[in-house]
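Letters A, B, ... are given to chains in the order of the sequence lines, protein chains preceding strands, and every chain is numbered from 1. Every value quoted in this text rests on a predicted model; they were computed, and no experiment measured them.
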Number of protein chains: 2
Amino acid sequence: MSNKDYKKCFNPNKNFRGHTKELARYAKALAHPARIKILNFLNNSKYCYTGDFVEVLPMAQSTVSQHLKELKEAGLIIANEQPPRVSYCINKDAWEKAKKLFMDFFDV
Amino acid sequence: MSNKDYKKCFNPNKNFRGHTKELARYAKALAHPARIKILNFLNNSKYCYTGDFVEVLPMAQSTVSQHLKELKEAGLIIANEQPPRVSYCINKDAWEKAKKLFMDFFDV
DNA sequence: TTTTTTTATCGTATATTTGCGATATGTAAA
DNA sequence: TTTACATATCGCAAATATACGATAAAAAAA
């Protein structure tokens, strides 16, 4: 090791810390252009229906639905049933949490 | 669509814009705790050898080498041959580019 | 020259992701 | 009730990611 202070940034028991896993998890949620676009979209629109995304994304409805599910499971968006449609919006708490993790990571 | 100005954030030809793909690509590079740790590590140490990472990451040397390769291919780190060892450091240009993309994404 | 050290790559197994069409579900409209 | 609509889920195929042990490569040390 080129310097000897690695214990302050690595867990000595060789497991990953919570915030490291959390950041990786959010990064994974952002790791596809369609999901980036969905989040951009929601940040400009307050809320959107599934069909809105299907209109503009270059993939089938079922695939869009799957990407929405992943973002939901990552906690970044919230679904609202408005039968027969479903609207989505940003989960602001999770969004701020993710923002903070990325800010810290990039030392902003 | 809940508002009608989506053309300013979506490419009408239904393909993803360069910066969307670029951000997704960087996010993918960060989408594993080991790679997060490697980058944290390099940001605290100027440079490190492969073996330094192997010491502290909970995985085999070959796996660590694979993660380093991915970060290198994403452009975020640079390898320096110092036989028989190889040292790595942050690619500052790419790092700043990634930082900017994430900042813009999070509207910072 | 032989051995050791350090790292990358190969081969392989398993898991996850991505994508699609088809289908199911649940509601509203006819 | 039947039909139409919006969305989620299923089943499947292909691609990619993750991880490991074994091996290769290349230089330094003995």
Let me check something: do [X] and [Y] share a hydrophobic cluster, defined by ILVMFWY side-chain heavy atoms less than 4.5 Å apart, either directly or through other members?
X     : Y     : result
A:I90 : A:Y88 : yes
A:L57 : A:V86 : yes
A:V56 : A:V54 : yes

**OP:** Output yes when at least one side-chain N/O atom of B:Y88 is less than 4.0 Å from OP1 or OP2 of C:dT6, else no.
**Re:**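 No.
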
Protein-nucleotide distance ([X], atom [atom1]; [N], atom [atom2]), rounded to Å:
X     : N      : atom1 : atom2 : result
A:E55 : D:dT7  : CD    : P     : 10 Å
B:E81 : D:dA28 : CD    : C1'   : 15 Å
A:F16 : D:dA19 : CZ    : C1'   : 12 Å
B:I38 : D:dT18 : CD1   : C1'   : 13 Å
B:L30 : D:dA17 : CG    : C1'   : 16 Å
B:N80 : C:dT6  : CG    : P     : 18 Å
B:K69 : D:dA19 : NZ    : P     : 16 Å

Original post:
Does the ring centre of B:F53 sit less than 6.0 Å away from the ring centre of B:F41?
Top reply: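 Yes; B:F53 has its ring centre under 6.0 Å from that of B:F41.
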
**OP:** Give me the ring orientation class for B:F106 and B:F102: parallel if the planes are under 30° apart, tilted from 30 to 60°, perpendicular past 60°.
**Re:**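 Taking B:F102 first and then B:F106, their aromatic rings lie parallel (interplane angle under 30°).
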
Original post:
Do the ring planes of B:W95 and A:F105 sit parallel (below 30°), tilted (30 to 60°) or perpendicular (above 60°)?
Top reply: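 Taking A:F105 first and then B:W95, their aromatic rings sit tilted (interplane angle of 30° to 60°).
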
Original post:
How would you list all residue pairs meeting side-chain hydrogen bond (donor to acceptor under 3.5 Å, both in side chains) that involve residues 98-108 of chain B, not counting sequence neighbours?
Top reply: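 Every side-chain hydrogen bond (donor to acceptor under 3.5 Å, both in side chains) pair that includes a residue of residues 98-108 of chain B, provided the two are not neighbours, is B:K100-B:D104.
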
Original post:
Can you list the residues that meet the side chain to side chain contact (heavy atoms under 4.5 Å, CB included) rule with A:E73, with sequence neighbours excluded?
Top reply: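 Here the qualifying residues are A:K69.
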
Original post:
With sequence neighbours excluded, what pairs up with B:K28 under the side chain to side chain contact (heavy atoms under 4.5 Å, CB included) test?
Top reply: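 Checked B:K28 against side chain to side chain contact (heavy atoms under 4.5 Å, CB included); matches are A:A31.
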
Original post:
Do any of residues 71-79 of chain A sit with a heavy atom less than 4.0 Å from DNA chain D, and if so which?
Top reply: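 DNA chain D contact set from residues 71-79 of chain A: none.
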
Every protein N/O within reach of nucleotides 17-22 of chain C N/O, cut-off under 3.5 Å:
residue: C:dT17; atom: OP1; partner: A:K28; partner atom: NZ; Å: 3.1
residue: C:dT18; atom: OP2; partner: A:R35; partner atom: NH1; Å: 3.0
residue: C:dT18; atom: OP2; partner: A:E70; partner atom: OE1; Å: 3.2
residue: C:dG19; atom: OP1; partner: A:H32; partner atom: NE2; Å: 3.4
residue: C:dG19; atom: OP2; partner: A:H32; partner atom: NE2; Å: 3.1
residue: C:dG19; atom: OP2; partner: A:H67; partner atom: NE2; Å: 2.7
residue: C:dC20; atom: OP2; partner: A:A60; partner atom: N; Å: 2.8
residue: C:dC20; atom: OP2; partner: A:T63; partner atom: OG1; Å: 2.9
residue: C:dG21; atom: N7; partner: A:S62; partner atom: OG; Å: 3.4
residue: C:dG21; atom: O6; partner: A:S62; partner atom: OG; Å: 3.2

Original post:
Does the pair A:K97/A:E22 count as a salt bridge with the N-to-O cut at 4.0 Å?
Top reply: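 So A:K97 pairs with A:E22 through a salt bridge.
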
Original post:
With the sugar-phosphate defined as primed atoms, P, OP1 and OP2, and the base as all remaining atoms, what B/S/- string results for nucleotides 1-6 of chain D, 5' to 3', for protein heavy atoms under 4.0 Å?
Top reply: -----S

Original post:
Between B:I38 and B:H67, is a side-chain contact (heavy atoms from CB on, under 4.5 Å) present by the stated rule, with each step listed?
Top reply: CA-CA 9 Å; B:I38 288 169; B:H67 284 300; 4.2 Å; yes

